[in-house]
Amino acid sequence: GSMFTSKVLKPYGYRIKVEEYAVGDTLNKVLSGGDGVAAAKTDKKGRMTDPKLRSALADFAKDYLTHLFTPVSDSYTGETEYMAHSDFHIGNLMLRLKPDGSYEKRVIDRNYYLKLFPVDIELISRLATIPKYNFVGKVDALLDYFIQVNSSKTDHEKVRKEIRSIVLKNIFSWSTIVDVIQGKDVSSSVANLLMSEFEKRWYVSPLRIRLFFKNVSAINNLLQYVDGSDLFDAIKKYLETNKSNSTNPVVQTTVSAPIPRSKIMAQKEGAVINAYLSDISVEGATFTNTTAQDFTLKIIEAGKEQVHI
């Protein structure tokens with residue numbers, strides 16, 4: 001179903017941003033109760049018993065995946081990029097029950113996005129398609145990624161061997177095995193360990209991929225209320241479902257018509273502004289989403305250059 005976001009208001013800057021007031025309840029309130037809102041009912045497995053509510057939660061996950069795998073062509077740099085909500089969790093998702101019994105769905109705090117690149121999407125897709133308990137395969141995928149984004153280094157094989165040994169020893173430790181048996185997701189903790197080991201050796205762990213893994217557990221929490229799956233299960237299903245939409249082996253969605261390159265001026269340094277199915281006004285300039293699809297205005301140092309989307 002339709003997904004809404006709050007309009008951006010002024011003041012808007014690197015440290016302060018304001019969004020319009022949104023009517024509704026955040027998902028953490030809907031799921032746990034509080035402030036006069038009764039907690040949603042779940043079955044013995046923790047799944048939503050209300051089919052409309054369960055469907056609304058599934059729509060939030062689908063919206064996240066659609067943005068994650070929809071390529072955006074940056075007309076300023078010519079690069080293909082991907083955008084993902086930088087803080088996707090149930091406190092930033094809102095529902096409002098409408099008179100007809102359906103739910104209006106809204107994502108808030110959506111004005112800062114992670115800018116991902118094809119190499120990042122390739123890693124995420126690869127992790128999703130490797131069998132769930134093939135931990136060796138997942139570790140190798142992560143090792144390949146971090147070595148690829150640190151291509152200027154010359155000690156790849158030495159570092160790979162050292163970190164692989166450390167991480168696999170951790171995975172096959174008794175405590176991790178117990179977590180797996182109990183159904184806990186260990187992907188984020190394994191990724192964090194691996195990134196930590198790379199950084200000890202002066203390799204770079206891109207902030208964008210760190211934040212992606214930070215969001216994994218939050219999205220897993222959401223999916224537990226839907227069908228008990230996790231993010232990588234959902235990604236695998238999404239890629240299989242949308243495979244016929246594109247000949248690209250990584251990106252499985254179709255890009256809509258490009259947004260006209262006009263009247264877009266950089267206003268603030270370091271910020272990323274997003275508009276979703278609506279117009280927004282920032283520092284006196286108006287940006288219109290003419291294709292009914294997310295677009296991103298990347299803000300650079302004021303006055304130096306003009307940025308087009």
Side-chain angles (χ1 to χ4, degrees), residues 8 12-17 64-65 67-74 76-89 91-92 107-128 138-153 155-156 159-160 163 166-167 185-222 230-232 235 250-251 266 268-274 294-301 307 309:
V8 177
Y12 190 104
Y14 185 72
R15 291 181 175 84
I16 300 175
K17 61 190 179 72
Y64 177 86
L65 293 176
H67 284 84
L68 182 63
F69 287 100
T70 299
V72 176
S73 179
D74 185 335
Y76 184 70
T77 65
E79 295 179 316
T80 297
E81 302 166 350
Y82 301 80
M83 301 293 172
H85 194 298
S86 62
D87 195 19
F88 193 91
H89 60 79
N92 280 336
V107 181
I108 61 175
D109 198 18
R110 194 175 186 169
N111 302 296
Y112 287 103
Y113 261 62
L114 299 178
K115 182 172 73 171
L116 303 178
F117 297 96
V119 64
D120 307 318
I121 298 301
E122 183 178 357
L123 169 66
I124 294 167
S125 302
R126 185 176 172 187
L127 290 174
K138 292 180 183 293
V139 168
D140 285 338
L142 287 163
L143 288 168
D144 289 344
Y145 169 83
F146 285 105
I147 286 175
Q148 183 175 354
V149 297
N150 288 273
S151 58
S152 62
K153 297 288 186 179
D155 56 349
H156 291 162
V159 168
R160 178 195 291 272
I163 296 179
I166 293 170
V167 174
D185 176 64
V186 298
S187 60
S188 293
S189 60
V190 170
N192 287 332
L193 172 61
L194 189 145
M195 286 186 282
S196 175
E197 291 298 327
F198 268 113
E199 289 174 353
K200 289 177 183 177
R201 293 158 176 82
W202 300 100
Y203 275 59
V204 174
S205 294
L207 178 61
R208 62 186 188 270
I209 210 69
R210 277 191 168 278
L211 290 174
F212 169 79
F213 279 110
K214 180 185 76 71
N215 286 336
V216 169
S217 59
I219 300 173
N220 287 348
N221 182 39
L222 172 67
D230 62 33
L231 176 59
F232 288 107
I235 290 174
V250 177
V251 182
K268 294 288 182 181
E269 181 180 4
V272 175
I273 298 175
N274 172 260
D294 252 29
F295 71 91
T296 304
L297 173 64
K298 284 176 294 180
I299 306 301
I300 58 175
E301 186 175 350
V307 179
I309 297 295

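One-based numbering along the sequence shown.
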Quiz item: Given side chains that start at C-beta, do those of I147 and F198 come closer than 4.5 Å, heavy atoms only?
Solution: yes
Practice problem: Not counting sequence neighbours, which residues clear side chain to side chain contact (heavy atoms under 4.5 Å, CB included) with A218? List them please. | Solution: H89
Quiz item: Would a distance-only check, ignoring hydrogens and angles, find a side-chain to backbone donor-acceptor pair under 3.5 Å from N215 to H85?
Solution: yes
Quiz item: Under 4.5 Å between any side-chain heavy atoms of K115 and F117, yes or no?
Solution: yes
Practice problem: In sequence, state the C-alpha distance, the side-chain angles, and the governing distance for D155 and Y203, and then conclude on side chain to side chain donor-acceptor pair (under 3.5 Å). | Solution: CA-CA 10 Å; D155 56 349; Y203 275 59; 2.6 Å; yes
Quiz item: Do you know the tightest heavy-atom contact between G91 and I108?
Solution: O-CD1, 3.9 Å
Quiz item: Between the side chain of S196 and the main-chain N/O of N192, is any donor-acceptor distance below 3.5 Å?
Solution: no
Quiz item: So D144 and R126, side chain to side chain contact (heavy atoms under 4.5 Å, CB included) or not? Walk me through it.
Solution: CA-CA 11 Å; D144 289 344; R126 185 176 172 187; 3.0 Å; yes
Practice problem: First locate atom CG of L222, then atom CG of D230, and finally report the distance between them rounded to the nearest 0.5 Å. | Solution: 12.0 Å
Self-check item: Any donor-acceptor N/O pair, N220 side chain to L231 backbone, under 3.5 Å
Solution: yes
Quiz item: Side chain of D120, backbone of I209: donor and acceptor closer than 3.5 Å?
Solution: no
Quiz item: Can you name the nearest heavy-atom pair linking R160 to L143, along with the distance?
Solution: NH1-CB, 3.8 Å
Exercise. Applying side chain to side chain contact (heavy atoms under 4.5 Å, CB included), run through V149 and V204 and close with a yes or a no.
Key: CA-CA 8 Å; V149 297; V204 174; over 6 Å; no
Exercise. Taking N150 for its side chain and F146 for its backbone only, find out whether a donor-acceptor pair lies under 3.5 Å.
Key: yes
Self-check item: Closest heavy-atom pair and its distance - V167, V190
Solution: CG1-CG1, 3.8 Å
Exercise. Rounded to the nearest 0.5 Å, what's the gap from NE2 on H156 to CD on Q148? Could you check?
Key: 10.0 Å
Practice problem: Determine whether F212 and S86 make a side-chain contact, defined as any pair of heavy atoms from C-beta on separated by less than 4.5 Å. | Solution: no
Practice problem: Determine the minimum heavy-atom distance between A128 and I235, stating which atoms define it. | Solution: CB-CG2, 3.5 Å
Self-check item: Derivation of the salt bridge (charged side-chain N to carboxylate O under 4.0 Å, His left out) call for E199 and R210
Solution: CA-CA 12 Å; E199 289 174 353; R210 277 191 168 278; 2.9 Å; yes
Exercise. Quick one: closest heavy-atom pair of N92 and D87, and the distance?
Key: ND2-O, 2.9 Å
Practice problem: Tell me, with the steps shown, if R201 and E197 meet salt bridge (charged side-chain N to carboxylate O under 4.0 Å, His left out). | Solution: CA-CA 7 Å; R201 293 158 176 82; E197 291 298 327; 2.9 Å; yes
Quiz item: Is the closest side-chain heavy-atom distance between F69 and I121 below 4.5 Å?
Solution: yes
Quiz item: Which heavy-atom pair separates F232 from L127 by the least distance, and what is that distance?
Solution: CE2-CB, 3.8 Å
Exercise. With the side chain counted from C-beta on, respond yes when F213 and S189 share a heavy-atom pair under 4.5 Å apart, and no when they do not.
Key: no
Self-check item: Atom pair NE2 (H67) and OH (Y82), whose distance is rounded to the nearest 0.5 Å
Solution: 14.5 Å
Quiz item: How are the rings of F88 and Y64 set to each other: parallel, tilted or perpendicular (split at 30° and 60°)?
Solution: tilted
Quiz item: At what distance, to the nearest 0.5 angstrom, does CG of L194 lie from CD1 of I166?
Solution: 9.5 Å
